[in-house]
2 protein chains.
Amino acid sequence: MNIVQDESRRDRKKLQRRALLIEIARRSIATKGLRSLKVRDVSEAAGCSIGSVYNEFGDFDGLILTVNRETVQALTARLKAVPADDPLRQLHGLADAYLGFATEHANLLRSLFEHRMEDDRPFPEDILAMVMDAFALMHAPLVRLLPDRDPHDVALLSRMMFSAVHGIISLGLEERMVAVPPEQLRERLAQFVDTHLAGLGVTRGA
Amino acid sequence: MNIVQDESRRDRKKLQRRALLIEIARRSIATKGLRSLKVRDVSEAAGCSIGSVYNEFGDFDGLILTVNRETVQALTARLKAVPADDPLRQLHGLADAYLGFATEHANLLRSLFEHRMEDDRPFPEDILAMVMDAFALMHAPLVRLLPDRDPHDVALLSRMMFSAVHGIISLGLEERMVAVPPEQLRERLAQFVDTHLAGLGVTRGA
DNA sequence: GCTCGAAAATGAACATTGTTCAAGACGAAT
DNA sequence: ATTCGTCTTGAACAATGTTCATTTTCGAGC
């Protein structure tokens, strides 16, 4: 067997365990929240030593950030799966997809937005960029709905609209402070999007 | 000296130190973030023992929650100081006041919204109620602007509008993920409120 | 197949930090 | 001054992130 095969075999095992560790951490965050995540719990559940977690992710933040990275990727995939045929339907679809993801993965999304680096270490650029990309997904449909507006203006509008949706959902799903009752959230969110679009001069069916 | 004076003298000293501990914790959170807050740092800065912090607040969460309680009180005071003469101006004032508070006390506001109780202990009801009250402050002016709408509907609208403003501001001020550039935030926020009001059928000067 | 060496894995020891509690200090009433 | 209850103290403990010397693993070269 040549070098490549040897290395790939070793790597395969390594990657397999890495994936296992990530999966365990993700499940833990998803079910018990970020604050309950412990290095020892993860290593024991994976059947390896504490040190191995450190070999793989550098430190505890590294593991968390890896999970968060995959969370934003999953979110983006879900958002990008929204049909882009009709811009108005797409905007509603994006808001609804975000709500769906937030409902199903509340703790994972919270981990993404609430996790703080220790000391003053910088937040990873790539995650930042991915979140920004996700929040820019309302841009394309808004451009189609507002062809006469300054594109730069629409870019800001779209991020603001997504931020607003994010705020409504994240507070609405917060069990402790129900700004909007969860069972009505879906309907109300659609209403919000419509209202805002109307304010922007977009009329239904126009 | 009678009992009342004795007790009040003792209480005064106790309250004084309690206030000191809270002030130290608040400054620490405000400058270095919630994650950097340590019991030992607080007790040392206050010149008392660790145990005294526990006597006063029960546990570490107790101290944090006390700071958060005062944060939401300060926020509410600021929001309630917005003139209520003209409903449209009041709505803009509320959004602007929230932005101002969030700008000046970013870490304190983050502490309020991002802090999680350990295990599954319930979030204090009183803080919850105070946040809800703050988020309901857009209700009164919206009722005046939308007299024909179902009041229950307006109640939801107002909390949704405030949640949206919260989302725009909290993500806009997040240095790591600038959804909306901070220097434009003020202007854009006003634009957002106007747009949404227009969507609700409120016309300027009507 | 054996040996060697680099890479990985290990987990005990350590560092940090929240928490407890037995002992002592303090102060008010008598 | 004595007594008694309360407050304070800080050493000890517990939980948890982190390090690193040692051991193990596994493939490469012979």
Side-chain angles (χ1 to χ4, degrees), chain A residues 1-22 24-25 28-29 32-67 111 115-121, chain B residues 1-22 24-25 28-29 32-67 111 115-121:
Chain A
M1 31 187 109
N2 62 39
I3 296 178
V4 175
Q5 281 178 332
D6 288 343
E7 287 191 347
S8 63
R9 181 174 295 181
R10 189 184 268 190
D11 283 359
R12 213 180 311 148
K13 202 165 185 179
K14 190 173 169 60
L15 283 178
Q16 199 172 325
R17 198 184 54 181
R18 179 184 173 88
L20 177 62
L21 286 169
I22 295 173
I24 289 168
S28 176
I29 294 175
K32 297 181 299 178
L34 178 58
R35 187 166 173 176
S36 299
L37 187 68
K38 313 291 174 192
V39 186
R40 280 167 180 74
D41 291 348
V42 174
S43 66
E44 276 169 32
C48 70
S49 69
I50 304 171
S52 294
V53 179
Y54 280 81
N55 286 342
E56 198 62 52
F57 301 101
D59 60 8
F60 196 43
D61 270 5
L63 174 56
I64 296 169
L65 290 172
T66 303
V67 172
S111 170
H115 176 62
R116 305 283 153 193
M117 306 292 287
E118 64 176 347
D119 303 321
D120 289 326
R121 291 205 296 203
Chain B
M1 31 186 112
N2 63 40
I3 297 177
V4 176
Q5 281 178 334
D6 287 345
E7 287 190 346
S8 64
R9 182 174 296 179
R10 188 185 269 190
D11 284 358
R12 211 180 311 147
K13 201 166 185 179
K14 191 175 168 60
L15 283 177
Q16 199 172 326
R17 196 183 56 181
R18 180 184 172 88
L20 177 62
L21 286 168
I22 295 172
I24 288 168
S28 176
I29 295 175
K32 297 181 299 178
L34 179 57
R35 187 165 176 178
S36 299
L37 187 67
K38 314 289 175 191
V39 187
R40 281 167 179 74
D41 291 349
V42 174
S43 67
E44 277 169 31
C48 69
S49 69
I50 303 171
S52 294
V53 178
Y54 279 81
N55 287 340
E56 199 62 52
F57 302 101
D59 60 8
F60 196 43
D61 271 5
L63 174 56
I64 296 169
L65 290 172
T66 302
V67 172
S111 171
H115 175 62
R116 305 283 151 193
M117 305 292 287
E118 63 176 348
D119 303 320
D120 288 325
R121 291 205 297 201

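Atom set for the values below is all heavy atoms of this structure, side chains included, hydrogens, waters and symmetry mates excluded. If you're wondering where the values come from, they're calculated on a predicted model, not measured in any experiment.
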Legend entry - Stepwise side-chain contact (heavy atoms from CB on, under 4.5 Å) check, V67(B) with I64(B): CA-CA 5 Å; V67(B) 172; I64(B) 296 169; 5.8 Å; no
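Residue D59(A) contributes atom CG, which lies 8 Å from atom P of dT19(D) at whole-angstrom precision. Between the CD atom of Q16(A) and the P atom of dA8(C) there is a distance of 17 Å, given to the nearest Å. For K14(A) and dT25(D), the NZ to P distance is 16 Å, given to the nearest whole Å. Taking atom CZ on F60(B) and atom P on dG18(C), their separation rounds to 5 Å, with Å as the unit. Atom CG in L63(A) sits about 15 Å away from atom P in dT16(D), given to the nearest Å. Nucleotide dG17(D) holds its P atom 12 Å from the CD atom of E44(A), rounded to whole Å. Atom CD in E118(B) sits about 17 Å away from atom P in dA14(D), given to the nearest Å. Distance L21(B) CG to dT8(D) C1': 13 Å, rounded to the nearest Å.
At dT8(D), one or more side-chain N or O atoms of R17(B) fall inside 4.0 Å of OP1 or OP2 (strictly under the cut-off).
Near DNA chain C, defined here as any heavy-atom distance below 4.0 Å, the residues from residues 47-58 of chain A are C48(A), S49(A), G51(A), S52(A), N55(A), listed numerically. Scanning residues 35-42 of chain B for heavy-atom distances under 4.0 Å to DNA chain C yields L37(B), K38(B), V39(B), R40(B).
Taking all atoms of both residues into account, the shortest heavy-atom contact from F60(B) to Y54(B) is N-CE2, 4.3 Å. Closest of all the heavy-atom pairs between D41(A) and S36(A) is OD2-O, 4.2 Å. Scanning all heavy atoms of the two residues, the minimum distance from L65(B) to H115(B) falls at CD2-CD2, 4.1 Å. Residue E118(A) comes nearest to R35(B) through the heavy atom pair N-NH1, 3.5 Å, listed as atom of the first residue, atom of the second, then distance.
In this structure, NZ in K38(B) is found 9.0 Å from NZ in K32(B), a value given to the nearest 0.5 Å. Separating the OG atom in S43(A) from the CG atom in L63(A) is a distance of 10.5 Å, to the nearest 0.5 Å. Separating the CD1 atom in I24(A) from the CD atom in E44(A) is a distance of 11.0 Å, to the nearest 0.5 Å.
Of the listed residues (I50(A), I22(A), L21(A)), just one forms a side-chain contact (heavy atoms from CB on, under 4.5 Å) with V42(A), and that residue is L21(A).
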